[in-house]
Each structure stands twice: as structure tokens, then as C-alpha cells.
Amino acid sequence: MSKFLDIVYKAVPAALIAAGIVFGTLIELGILDLDKVAEKLDEPAYSTYDIGIGEDDSANIPNEAKNFSVNVIDVGQGDSILVICGGKGMLIDAGTAENGELVTEAVKSSGIKKLDMIIVTHPHADHIGGMAKVVSEIGAKRIIIPKLPDSMTPTTKTYENFLTAVRDSGGKLTSAKAGNSYELGEAAVTILYPFEDTNSSDLNDWSVCARVDYKNISWLFTGDLSEDGEQRLINSGADLDVTAYKAGHHGSRTSSSEDFLNEVTPRLCVISCGEGNSYGHPAKEALGRMEAQTDRVYRTDKDGGITFYSDGEKIYVSRNKN
């Protein structure tokens, strides 16, 4: 359990319960105004900011927070994250081939007609499988992928379908280079990894890692990077201290190491994994490390798709479990 999970259900006045107001789903993180919290609850302020205001109720999210969002799409045992800032969109991975339609519709429903950027963290099927569909139907101005040595380049049909879709769409592939930075509306996307001298026999450790900064809020995305890759990132001196962290490798025990989390110091973590998956993700060891380090851990297998909104100072969380 989180160290802040002394939830405010105990503090909710009976009058609010009688009125049918449900607490627990919209989470506000950031700089606390305890006087306002106390005023809302008509009770003394509590040392928690886990105050909910209705399930998936976007009406309770301030308009100024809707300019920036990180949408962790529930693709089961896979990854797909849509980042939007000022109407500009970046998609990181697209789940399996079976998720192609789901991810494509999620992008379209957000109002994005063409993505500004796609990041394919690495060419495993649970990350790249649905991307051919997305590229064919939506496309992107820039598609960033890791530059793999010939010995690591896949020969799978999934990878071939992706490359064919890029070619047919007229898209261009850009090699991920640590240090490169791109604009996404008012946000900045910085590639942190892989390095030019990366040399690993594990495809996971070629995962493109990116940092997204929006005003005073920051996110870190690491694909399926393992502890070895995390150590390389630490040793590089890259700025890893962020507000929020999308856990590496679906919460595998070989990722999100203690040393890495000590550098990242996230206020929240989110894990993308499938309900009842055969891999046992998230591993209890990794989950324990995250829960010891951070305030809240979210999981798509428990919470469904999760959207994190921000005004650049606070994060508002909306969970979409069916």
C-alpha cells in the first residue's frame, strides 16, 4: 500500500455521501492548499491529497489543466501512451497488432488528425504491433526508433508491416539520439537513451527513453529498459529527476531498480500491464520498490486506461476502468 493511502473516505461528511458524491477516482497531486481541502470537506485538513470527485468526471478538471495530458491506453499486456500538449500529439508505442484499432480510435477521439511525433521504443510485438494501423490511418510528422545493429534488427512480420506502413504513408524514420530535443506544443521532449555506444544483446536495453517537460511537471518513459540499461542512464548523468514515471517493462522485477528510483524520485508511477497476465507483471519486488519510493502507483490492469492532466503545477488523474 502507498504511504499516503490513509484515504479520505473517513473524512467525507455524511451529507456528501447522502448527496451521492463518490470519492476516490480523480486524484490531485502537487502543491497542496490544505485550507481549500478542508473547506471542501468541511473537516480539518488531512495529510493526504487523495481526494476524489467522481468517477472519470472530466467536468471536475480545471480547464487550464486540459492543455496537457498523458493518456495511458489500456492495451492489456503492452504499452501505448498518447501525450497531448496544445493540440499536438505524440504516441509512444501502440500495443499488439490486436490493439491497432483501439489505439487508432483513441488518437482520433482526442481530436488529433495527424500526430506530430511517434516514438517506437523498441520492436517487440507488444509495443510495435498496433503501430502499422496507426501510421496507415493517422501518420506522423516524425517517427523515432532506435538505430539497431544488423544482428538485432527483427525479421518478424510485425516489424515488416510497420516498415511497409511507414513507406506507404510517406513517413520518415528518425534514429533516436540521446540529447536530441523536440517541441510538442509548449512541452519539450528530450531523448535520453540509447547512446551511440550502446551495445547490448537484450533488445529491451535498446528501448528509446524520453523525458517530457511541461512547465514544472515532468514525465519519464523508458519502454522495457532493464536494470542494466537503467544503470547506464544513471552513469550518463542525465537528468532523471521527474514528477511522474511510466514504469519500465510493465513492472518487471528486472526493471525499476532501487538505484534508478532513487534518481527518478517520482511523485507517481503508472504501470501498463494486462489483467491476469502470464508474466506475473507487475512483480511484487518491483511494485514494492515503487510503493516505497512514491506517493501513488497506478496500474492499467486495475484502473483501466488512465489519463493524467496537468496545468504545469499539479496533476489530475482520471481512471477509466469499465
Side-chain angles (χ1 to χ4, degrees), residues 25-29 55-96 99-121 126-127 129-131 133-135 137-138 140 184-187 189 210-214 217-223 242-247 250 266-274 296-312 314-322:
T25 317
L26 183 68
I27 314 300
E28 181 181 340
L29 300 176
E55 183 155 347
D56 193 26
D57 189 351
S58 59
N60 289 294
I61 299 170
N63 285 332
E64 58 268 25
K66 294 180 181 179
N67 186 60
F68 178 86
S69 63
V70 173
N71 308 276
V72 182
I73 303 168
D74 183 7
V75 292
Q77 187 61 24
D79 265 16
S80 187
I81 303 102
L82 176 63
V83 182
I84 299 174
C85 186
K88 306 295 184 179
M90 173 178 70
L91 183 68
I92 304 175
D93 294 333
T96 65
N99 299 130
E101 184 67 31
L102 170 68
V103 176
T104 299
E105 288 306 311
V107 176
K108 288 181 177 179
S109 66
S110 74
I112 301 294
K113 291 182 171 57
K114 185 171 184 177
L115 290 158
D116 273 58
M117 195 183 319
I118 284 173
I119 294 178
V120 174
T121 61
D126 58 329
H127 292 253
M131 199 61 80
K133 178 79 169 176
V134 175
V135 171
E137 295 202 13
I138 299 173
L184 186 73
E186 297 176 65
V189 180
R211 176 186 174 117
V212 177
D213 288 273
Y214 176 64
I217 294 294
S218 49
W219 278 81
L220 180 63
F221 305 93
T222 63
V242 295
T243 315
Y245 166 55
K246 203 291 295 177
H250 320 290
R267 295 296 302 277
L268 70 84
C269 297
V270 57
I271 302 169
S272 181
C273 61
R296 284 302 299 260
V297 179
Y298 298 91
R299 302 164 48 171
T300 58
D301 63 329
K302 301 290 187 182
D303 300 309
I306 315 164
T307 302
F308 302 87
Y309 298 92
S310 181
D311 57 6
K314 301 177 183 179
I315 294 178
Y316 302 83
V317 184
S318 179
R319 294 175 284 184
N320 307 315
K321 188 69 172 178
N322 293 328

Short side-chain to backbone donor-acceptor contact, Asn99 and Gly129, under 3.5 Å: no
Audit row: Gln77, Cys273, side-chain contact (heavy atoms from CB on, under 4.5 Å) steps and yes/no: CA-CA 4 Å; Gln77 187 61 24; Cys273 61; 3.6 Å; yes
Trace of the side-chain contact (heavy atoms from CB on, under 4.5 Å) decision for Met131 with Leu91: CA-CA 9 Å; Met131 199 61 80; Leu91 183 68; 3.9 Å; yes
Nearest atoms (heavy-atom pairs only) where His250 meets Ser272: ND1-O, 2.9 Å
Test log, rule side-chain contact (heavy atoms from CB on, under 4.5 Å), inputs Arg267 and Ile315: CA-CA 10 Å; Arg267 295 296 302 277; Ile315 294 178; over 6 Å; no
Residue pair Trp219 / Val189, side-chain heavy-atom distance below 4.5 Å: no
Test item: Ser218 side-chain N/O and Thr243 main-chain N/O as donor-acceptor pair under 3.5 Å: yes
Under 3.5 Å donor-acceptor, Ser310 side chain and Lys314 backbone: yes
Which atom of Thr104 lies closest to which atom of Ile138, heavy atoms considered: O-CD1, 3.6 Å
Heavy-atom closest pair, residues Tyr309 and Lys66: CD2-CA, 4.1 Å
Parallel, tilted or perpendicular: ring planes of Tyr214 versus Phe68, cut at 30 and 60 degrees: parallel
Inter-residue atom distance Asn67.CG - Cys85.SG, 0.5 Å rounding: 5.0 Å
Check: Asp79 and Ile92 side chains under 4.5 Å, non-hydrogen atoms: no
Set of residues satisfying side chain to side chain contact (heavy atoms under 4.5 Å, CB included) with respect to Asn71, sequence neighbours excluded: Ser69, Leu82, Ile84, Thr307
Contact summary for Val134 and Ala94, nearest pair of heavy atoms: CG2-CB, 4.3 Å
Separation between CD1 of Ile61 and CG of Asp311, rounded to the nearest 0.5 Å: 11.0 Å
Lys246 versus Thr222, closest heavy-atom pair with distance: O-OG1, 4.0 Å
Reported CG-to-CG distance for the pair Asp74 and Leu102, which is rounded to 0.5 angstrom: 7.5 Å
Atom pairs and distances, donor-acceptor, side-chain atoms in residues 111-120, under 3.5 Å, two or more places apart:
none

Exercise: identify the closest heavy-atom pair between Ser109 and Ala106: OG-O, 3.0 Å
